[in-house]
Structure formats: structure tokens, C-alpha cells
2 protein chains.
Amino acid sequence: MKNTIKVERAKQNITQQELADLVGVSRQTINSIESGRYVPSTTLSLKISDVFKTSVNEIFTLENED
Amino acid sequence: MKNTIKVERAKQNITQQELADLVGVSRQTINSIESGRYVPSTTLSLKISDVFKTSVNEIFTLENED
DNA sequence: CAATAAAGTAAAGTATATTTGTCTTTAAGA
DNA sequence: TCTTAAAGACAAATATACTTTACTTTATTG
């Protein structure tokens with residue numbers, strides 16, 4: 001599972017902490033998702049998709065091993 | 001969290017078991033998601049989105065309490 | 001009515017997401 | 001160089017997704 005959160009944050013110029021606050025999770029959760037340590041729930045990916053005004057399918061993409 | 005899985009299954013005329021096999025989970029997992037007992041992982045919602053050729057955002061929508 | 005396919009649900013166990021706390025590293029500015 | 005903001009990461013605890021097994025219900029069809 002790949003994602004473009006880091007790039008989207010850069011576009012909007014917001015920190016991991018700010019994104020975390022916007023979607024209601026901890027900063028470590030955002031960091032862990034960005035670095036591929038785990039995959040978010042659909043609830044969380046929809047919230048992230050809201051913040052970035054981009055579809056879940058554009059932000060998150062499956063890889064072979066998923 | 002609402003979803004349109006039941007409707008999409010009806011459109012494609014496939015059973016819970018068939019969808020479960022297509023995405024690699026148990027039938028009970030599909031049933032539980034359809035009946036709102038829990039929310040799928042992003043991995044699973046992307047796979048479901050693949051089967052239905054519809055975006056995750058169209059299939060799953062947040063509600064006030066999410 | 002009997003048989004069968006599909007759906008609904010529940011309990012117990014396992015896997016994984018998320019939190020909280022903490023420590024380290026990196027980069028930028030004073 | 002010192003300070004600070006931001007990021008990367010880890011461990012322990014908790015919450016939640018998912019599996020397996022199993023039982024019930026609801027059509028539908030012979």
C-alpha cells in the first residue's frame with residue numbers, strides 16, 4: 001500500500017501535527033501511515049481525502065503484496 | 001459510516017460469498033460491513049472499489065458520528 | 001412440505017490500527 | 001552555536017478488523 005500524503009501535505013503546506021488535528025488522530029498515526037508502517041482505516045482515509053479534496057483511490061494505491 | 005455494497009452487489013448480481021472470494025476475505029466480513037457492524041480497512045475498501053469499478057468515496061460515506 | 005442457497009448473527013481467537021509516552025534526528029533561524 | 005519546530009521511530013497498552021465455527025432465518029424451488 002502506497003500513499004501520497006506527504007506530497008499532499010507539501011502542496012497544502014501543513015505539518016503532520018496539523019493534518020492529525022484536522023482528522024482527529026495523533027501525529028504518530030500520520031507519521032506511521034506516511035512511512036508505510038500501517039494502513040489506515042477507511043474512516044481515516046475518507047477524512048484525509050476530505051482534507052486534501054482528493055479521492056481515496058488517488059491518495060492510496062494497492063501494491064502486489066496487499 | 002454508510003456504504004452501498006448491497007446495492008452494488010445487486011447491480012452485478014453477485015452473492016456475499018462471491019464478493020468475499022473476489023476480495024479475499026470471509027463471507028462474514030462482507031456481511032458485517034454491509035450491516036454496519038464494522039468499517040473495513042482501506043486495503044479492503046480499495047479491493048471492493050476495484051470489483052465494483054467505483055471509487056471508495058462513492059461506496060463509503062462518513063456520517064456525523066464518525 | 002422438504003431441501004437448498006443466501007443471508008443474518010454471535011462468540012472466541014488472532015491480527016492490526018491507534019494512542020500515549022518517550023527519545024533521537026534533522027533542518028532552520030537567532 | 002543554541003534553540004526550536006518538525007519529523008522519524010519504538011514499545012506497551014487498548015481498540016477494532018477479520019477469521020473460524022456454528023447456529024438461525026428467509027426465500028425459492030422440487
Side-chain angles (χ1 to χ4, degrees):
Chain A
M1 169 80 75
K2 261 186 333 187
N3 72 74
T4 62
I5 296 181
K6 195 167 187 166
V7 172
E8 294 300 327
R9 275 200 308 105
K11 283 187 195 167
Q12 312 236 1
N13 199 38
I14 62 178
T15 67
Q16 291 181 343
Q17 181 68 68
E18 285 166 339
L19 176 56
D21 292 342
L22 285 168
V23 299
V25 296
S26 70
R27 180 184 67 82
Q28 287 83 340
T29 294
I30 300 298
N31 187 289
S32 295
I33 293 167
E34 276 191 14
S35 41
R37 269 192 300 281
Y38 55 70
V39 169
S41 65
T42 298
T43 304
L44 182 47
S45 57
L46 284 171
K47 287 178 183 171
I48 293 173
S49 142
D50 266 8
V51 168
F52 293 144
K53 309 216 182 313
T54 306
S55 73
V56 170
N57 299 72
E58 282 171 314
I59 302 174
F60 298 91
T61 57
L62 292 172
E63 292 177 297
N64 301 333
E65 64 268 25
D66 296 328
Chain B
M1 169 80 74
K2 259 186 335 186
N3 72 73
T4 62
I5 296 180
K6 196 166 187 165
V7 173
E8 294 299 326
R9 275 200 309 107
K11 283 187 196 168
Q12 312 238 359
N13 198 37
I14 62 178
T15 67
Q16 291 181 344
Q17 181 68 68
E18 285 165 340
L19 176 57
D21 291 342
L22 285 168
V23 300
V25 296
S26 70
R27 178 184 69 82
Q28 287 81 343
T29 295
I30 299 298
N31 187 289
S32 295
I33 293 167
E34 277 192 14
S35 41
R37 269 193 300 280
Y38 56 70
V39 169
S41 65
T42 298
T43 304
L44 182 47
S45 57
L46 284 171
K47 287 177 183 171
I48 292 172
S49 140
D50 265 9
V51 169
F52 292 145
K53 308 216 182 314
T54 306
S55 73
V56 170
N57 300 73
E58 282 172 313
I59 302 174
F60 299 92
T61 56
L62 293 172
E63 293 176 297
N64 301 331
E65 64 270 25
D66 296 328

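Numbers restart at 1 for each chain; the letters A, B, ... are given by sequence-line order, proteins then strands.
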Engineer: Between A:R27 and A:I33, just flag the one whose closest nucleotide in DNA chain C comes earlier from the 5' side.
Structural biologist: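 The 5'-side residue here is A:I33.
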Engineer: Any carboxylate oxygen within less than 4.0 angstrom of a Lys/Arg side-chain nitrogen, looking at A:E18 and A:R9?
Structural biologist: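 Salt bridge: no.
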Engineer: Between A:T54 and A:S49, is a side chain to side chain contact (heavy atoms under 4.5 Å, CB included) present by the stated rule, with each step listed?
Structural biologist: CA-CA 5 Å; A:T54 306; A:S49 142; 6.0 Å; no
Engineer: With a 4.0 Å cutoff (strictly under), does any side-chain N or O of B:Q28 reach OP1 or OP2 of D:dT20?
Structural biologist: no
Engineer: What's A:E34 touching, base or sugar-phosphate or nothing? Going by heavy atoms closer than 4.0 Å.
Structural biologist: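 Sugar-phosphate, no base atom in range.
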Engineer: Establish, with yes or no, whether the OP1 or OP2 oxygen of D:dC18 is under 4.0 angstrom from a side-chain nitrogen or oxygen of B:K47.
Structural biologist: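 It does not, given that no N or O in the side chain of B:K47 lies less than 4.0 Å from OP1 or OP2 of D:dC18.
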Engineer: Assign each of B:S41 and B:N31 to its nearest nucleotide of DNA chain C by heavy atoms, then name whichever residue's nucleotide is nearer the 5' end.
Structural biologist: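 It is B:N31 whose nearest nucleotide is closer to the 5' end.
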Engineer: Would B:I5 and B:F52 count as a side chain to side chain contact (heavy atoms under 4.5 Å, CB included) here? Give the steps.
Structural biologist: CA-CA 9 Å; B:I5 296 180; B:F52 292 145; 4.2 Å; yes
Engineer: Atom CD of B:Q17 and atom P of D:dC18: how far apart are they, to the nearest Å?
Structural biologist: 16 Å
Engineer: Given atom CG of B:L46 and atom P of D:dA17, what is their separation to the nearest angstrom?
Structural biologist: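 My rounded result for the distance is 16 Å.
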Engineer: What are the 5'-most and 3'-most nucleotides of DNA chain C lying under 4.0 Å from any heavy atom of chain A?
Structural biologist: C:dA17 to C:dT22
Engineer: Step by step, work out the side chain to side chain donor-acceptor pair (under 3.5 Å) result for B:S32 and B:T29.
Structural biologist: CA-CA 5 Å; B:S32 295; B:T29 295; over 6 Å; no
Engineer: For A:I30 and D:dA6, give me the distance from atom CD1 to atom P, rounded to whole Å.
Structural biologist: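 One finds 15 Å between P of D:dA6 and CD1 of A:I30, rounded.
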Engineer: For B:T61 and B:M1: C-alpha separation, side-chain torsions, deciding distance, then whether side chain to side chain contact (heavy atoms under 4.5 Å, CB included) applies.
Structural biologist: CA-CA 6 Å; B:T61 56; B:M1 169 80 74; over 6 Å; no
Engineer: Take atom CZ of B:F60 and atom P of D:dA17, then tell me their distance rounded to the nearest Å.
Structural biologist: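 Answer to the nearest Å: 12 Å.
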Engineer: For B:S26, report the nucleic acid contact type (base, sugar-phosphate, nothing); a contact means any heavy atom under 4.0 Å.
Structural biologist: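 Here B:S26 touches the bases of the nucleic acid.
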Engineer: Over all heavy atoms of both residues, which pair between A:I48 and A:V23 is shortest? Give the atoms and the distance, please.
Structural biologist: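 A:I48 and A:V23 have their closest heavy atoms at N-CG1, 3.9 Å.
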Engineer: If you check the B:Y38 side chain, which of D:dA17, D:dG8, D:dA9 turns out closest?
Structural biologist: D:dA17
Engineer: Are A:L62 and A:Y38 linked, directly or through intermediate hydrophobic residues, by side-chain heavy-atom contacts shorter than 4.5 Å (ILVMFWY only)?
Structural biologist: yes
Engineer: With sugar-phosphate meaning primed atoms plus P, OP1 and OP2, does B:T29 contact a base, only sugar-phosphate, or nothing at under 4.0 Å between heavy atoms?
Structural biologist: base
